[in-house]
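Owing to the predicted nature of the structure, the values given are computational and were not obtained by experimental measurement. Quick note on labels: first sequence line is chain A, next is B, and so on, each numbered from 1.
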2 protein chains.
Amino acid sequence: MATANIREVAHRAGVSVSTVSNVLNRPLTVAPATRQRVLAAIEELGYVRNDSARQLRAGRSRTIAIVVMDIGNPFFTDVVRGAERAAEERGAMVIVCNSGDSSERERRHLELLEEQRVQGILITPLHDGVAPARDGRESPLAQIIERGTPVVLVDRESGRHNRCSVAVHDVLGGRLAGEHLVEQRHRRIAFVGGPFSIRQVAERHRGLSEAVAERGGPGAELSVFTTDALTAEAGRTAGEEIAALPAAQRPTAVFCANDLLALGVLQVMTMHELAVPRDMAIVGYDDIEFAGSAAVPLSSIRQPRAQLGRAAAQLLLEEIYAGAEHQHRNVVFKPELVVRRSSSEPHRRRLAGRPGPRQAMGPRTEE
Amino acid sequence: MATANIREVAHRAGVSVSTVSNVLNRPLTVAPATRQRVLAAIEELGYVRNDSARQLRAGRSRTIAIVVMDIGNPFFTDVVRGAERAAEERGAMVIVCNSGDSSERERRHLELLEEQRVQGILITPLHDGVAPARDGRESPLAQIIERGTPVVLVDRESGRHNRCSVAVHDVLGGRLAGEHLVEQRHRRIAFVGGPFSIRQVAERHRGLSEAVAERGGPGAELSVFTTDALTAEAGRTAGEEIAALPAAQRPTAVFCANDLLALGVLQVMTMHELAVPRDMAIVGYDDIEFAGSAAVPLSSIRQPRAQLGRAAAQLLLEEIYAGAEHQHRNVVFKPELVVRRSSSEPHRRRLAGRPGPRQAMGPRTEE
DNA sequence: CGCAGGGTCTGAAACGTGTCAACCCTCCCC
DNA sequence: GGGGAGGGTTGACACGTTTCAGACCCTGCG
């Protein structure tokens, strides 16, 4: 039952242990006949290399890890795919860890990954993660970086400069949404999202509020509906609140911190027979695959997700191979507004002299 | 930069290596004062246990792996979550590998996992995976099982009896959809799905066709639109084909092999101004979260996904701990029909004397 | 006072692999 | 014929940990 080891292979092939190791790692230095005998022995015994011993000797593993906040969020799946592709090009394998919105799990994963001496870690930490906790101890993540494991922050900007990060400019995303809604002549605009402790939520809100303040004109009002999660369920809750308002106070446009929220809001509006976009325009964030297939195709801010993952993995691999010469970089991608029916009445006359914003039907396949 | 090892810790604390090891593994056998000194040294040096060495000594790791076909498919995310929860209860960590519909990647992942001596593997193999290939060699997965790594098949029934499996009864799922559509008086029914080499696709089709043959009456016809993938994109392609048919030949109901396909079909129908469900009823499969939020809320076959993952992990852990005494089991869950608007005209008169099938609004949260 | 026994601590031996210097042998060239 | 080059192979050690059989000391009891 216990798997054969290299010694048994050597014995069976009538060679030394070193020769077997050579066959596995530098086949060209071994005479063809010997090589054949060794390979045959490996086959017959069902020998499988023991990676623990290998790593122990080598000092590190050949895998990189990506730790995501929520594997159920479609945003991360594209990031993972992009990262996998970049890693594959360099012969590295990616393992995915799901912290599932639990910092306890995140901590355990990080601990395990460091003990396993993974080559590097891509992570979207739950709580910006790199700031020291109140008791003055550094966060687990900061300690890991301190001790030398390369880490690239995904979808987070790194305040300090001892690490790489890739992110999408969230303030700009909120701004794009705000400008779009203001252009559509909306004056009562709502933001749906939360908790605000999530940096993205805060920044998207900030972008929106800047746009409304600067471009909305005198009568523009911005209200906020705080949610306790970024889920469709939370969106439905917020939607109910909004729908319950008297029509005169109700916002005419909603910008949601992500698409799941937006779908929840959209669903509730439909249930209450509030027409989208006539009675209520909706803009989401992330442009998930289903955004284009929603009850009313959903306008959304598209983030270059696969590119994000790919860039993150590339930075990580560069840091791994370049070592001390590596210069940390913070890459920021620009999001893009995708206008669909949920925020632009197709029958309404366009403003003269300006091409309307681009209309997209289905999601575009990345890359 | 190189992380401190146990020897340096021992030296700093003025004790032997064994004592440090004892502090880590059997703290009670070490005198409190010594223990404190050792812990302090660990802290000061930032010592992190080397899992490779640990595993090498122990012979196996403490993680189990789950290999999924497509991390972007929401079906798998719930399975992963269920598995994680069950593993967590036993103190095991789960790592996720995405084969991304590439058998090359699947192979490499399996190789790596076996080399890492993971405790066990949950896998939904791409090509039923356990049958020997044409050249007579056993598939990689079969070899892994042969050599003693516990494996539980997820969403696959194991033909042979040398492994556990958890699955959902797919023929029954197809049958539920078929009976439902036949009851709604549909006579021209289409199946959208593919490739048929995927067992689930074939079985869902079989269930549908059995139901139509047995209960559809004399005039019932079943047509098939084969897709090359289970994506919304493929669904749109099939939808275009269907919409292009003259109305007299066009099916009045479509059963899709999964929800992504169904959403694609639904979207195209809406674009072509074919009303759902009046002109075209649609039933999907999987009941993903967005099914309830689609253009027209989507009827679907719900699979107990989290339960599936949980049961799989439990079987795996049982096999790991029980060892030779373990009895392999094949657990089959029953799917459930969730009727929403896409397949039942709410204004149509109900058949007398029978309560209509249950109406569900939003997705129910699992567990 | 002697001895048993428990509480602490330690040295040495694994675990399975990769690496490296050293060795052997053959072949070629001078 | 001698010497050198180089291809092929090997033995020994190192990687960092756990484990196990003791060794040591101290206490309590006969």
Side-chain angles (χ1 to χ4, degrees), chain A residues 1-39 41-42 45-62 111-112 114-119 147-149, chain B residues 1-39 41-42 45-62 111-112 114-119 147-149:
Chain A
M1 189 61 78
T3 325
N5 62 24
I6 205 175
R7 190 156 36 236
E8 300 175 41
V9 173
H11 182 253
R12 176 155 195 139
V15 297
S16 76
V17 167
S18 318
T19 300
V20 178
S21 177
N22 283 333
V23 168
L24 293 171
N25 300 300
R26 303 190 222 52
L28 294 180
T29 70
V30 178
T34 317
R35 189 164 55 213
Q36 286 313 316
R37 275 211 318 283
V38 171
L39 290 175
I42 286 176
L45 293 173
Y47 167 73
V48 174
R49 192 150 49 178
N50 185 324
D51 204 46
S52 306
R54 195 161 196 234
Q55 274 186 43
L56 173 57
R57 187 57 232 249
R60 69 149 80 113
S61 75
R62 294 160 302 152
E111 231 168 55
L112 195 64
E114 194 182 11
E115 290 185 1
Q116 292 181 341
R117 302 291 193 270
V118 292
Q119 290 207 73
R147 288 186 212 109
T149 301
Chain B
M1 189 63 78
T3 326
N5 61 23
I6 203 174
R7 190 159 34 238
E8 301 174 42
V9 173
H11 182 254
R12 175 154 196 138
V15 297
S16 76
V17 166
S18 320
T19 300
V20 178
S21 177
N22 281 334
V23 168
L24 294 170
N25 300 297
R26 301 187 223 54
L28 294 180
T29 70
V30 178
T34 317
R35 189 164 56 213
Q36 285 313 318
R37 273 212 320 281
V38 171
L39 290 176
I42 287 176
L45 293 173
Y47 166 73
V48 175
R49 191 149 51 177
N50 184 323
D51 204 46
S52 307
R54 192 177 155 83
Q55 273 186 46
L56 174 58
R57 187 58 231 242
R60 69 148 79 111
S61 75
R62 292 160 304 153
E111 231 169 54
L112 196 65
E114 195 183 10
E115 290 184 0
Q116 292 181 339
R117 304 289 192 271
V118 292
Q119 289 207 74
R147 290 187 211 108
T149 300

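- Between dG18(C), dG16(D), dT10(D), one nucleotide has an atom nearer to the side chain of Arg54(A) than all others, and that is dG18(C).
- Residue Ser52(A) is classed as having no contact, given no heavy-atom separation below 4.0 Å to the nucleic acid.
- Atom CG in Leu56(B) sits roughly 14 Å away from atom P in dA14(C) (whole-Å rounding).
- The distance from atom CD of Glu115(A) to atom P of dT17(D) is 10 Å, rounded to the nearest whole Å.
- OP1 and OP2 of dG16(C) both lie 4.0 Å or more from every side-chain N or O belonging to Arg57(B).
- What separates CZ of Arg7(B) from P of dT10(C) is a distance of 15 Å, to the nearest Å.
- Rounded to an integer number of Å, the gap from CZ of Arg49(B) to P of dT17(D) is 9 Å.
- Residue contacts shown for Asp51(B) are absent, as no nucleic acid heavy atom lies under 4.0 Å away.
- A donor-acceptor contact under 3.5 Å links the side chain of Ser18(A) to the base of dG11(D).
- The CD1-P distance, from Ile6(B) to dC15(D), rounds to 14 Å in whole Å.
- Atom CD1 of Ile6(B) sits about 10.5 Å away from atom CG of Asn50(B), to the nearest 0.5 Å.
- Proximity of Leu39(A) to Val23(A): side-chain heavy atoms (C-beta onward) are separated by under 4.5 Å at one or more points.
- Taking the side chain of Ala53(B) as heavy atoms from C-beta on, and the options dT10(C), dG16(D), dT9(D), the nearest nucleotide is dG16(D).
- Ionic pairing of Glu111(B) and Arg49(A) is not present here: no N-O contact between side-chain nitrogen and carboxylate oxygen is shorter than 4.0 angstrom.
- Positionally, the nearest nucleotide of DNA chain C for Pro32(B) lies more toward the 5' end than for the other of Pro32(B) and Asn25(A).
- Between Asn50(B) and dG16(D) there is no side-chain N or O to OP1 or OP2 distance below 4.0 Å.
- Under the 3.5 Å distance criterion, with hydrogens and angles disregarded, no donor-acceptor pair is assigned to the side chains of Ser18(A) and Ser21(A).
- Dashed line: the shortest gap from a side-chain N or O of Ser21(B) to OP1 or OP2 of dT18(D) is under 4.0 Å.
- Distance, Arg26(B) CZ to dG7(C) C1': 15 Å, rounded to whole Å.
- For Val15(A), the listed nucleotide lying nearest its side chain is dT10(D); candidates were dT10(D), dG18(C), dG16(D).
- In this structure, Arg37(B) places its CZ atom 11 Å from C1' of dC9(C), rounding to the nearest Å.
- Atom P of nucleotide dG7(C) and atom CG of Leu28(B) are separated by 11 Å, given to the nearest angstrom.
- For Thr29(A), no side-chain nitrogen or oxygen approaches OP1 or OP2 of dG8(D) to under 4.0 Å.
- Under 4.0 Å is where a charged nitrogen must lie from a carboxylate oxygen, and between Glu114(B) and Arg147(B) at least one such pair does.
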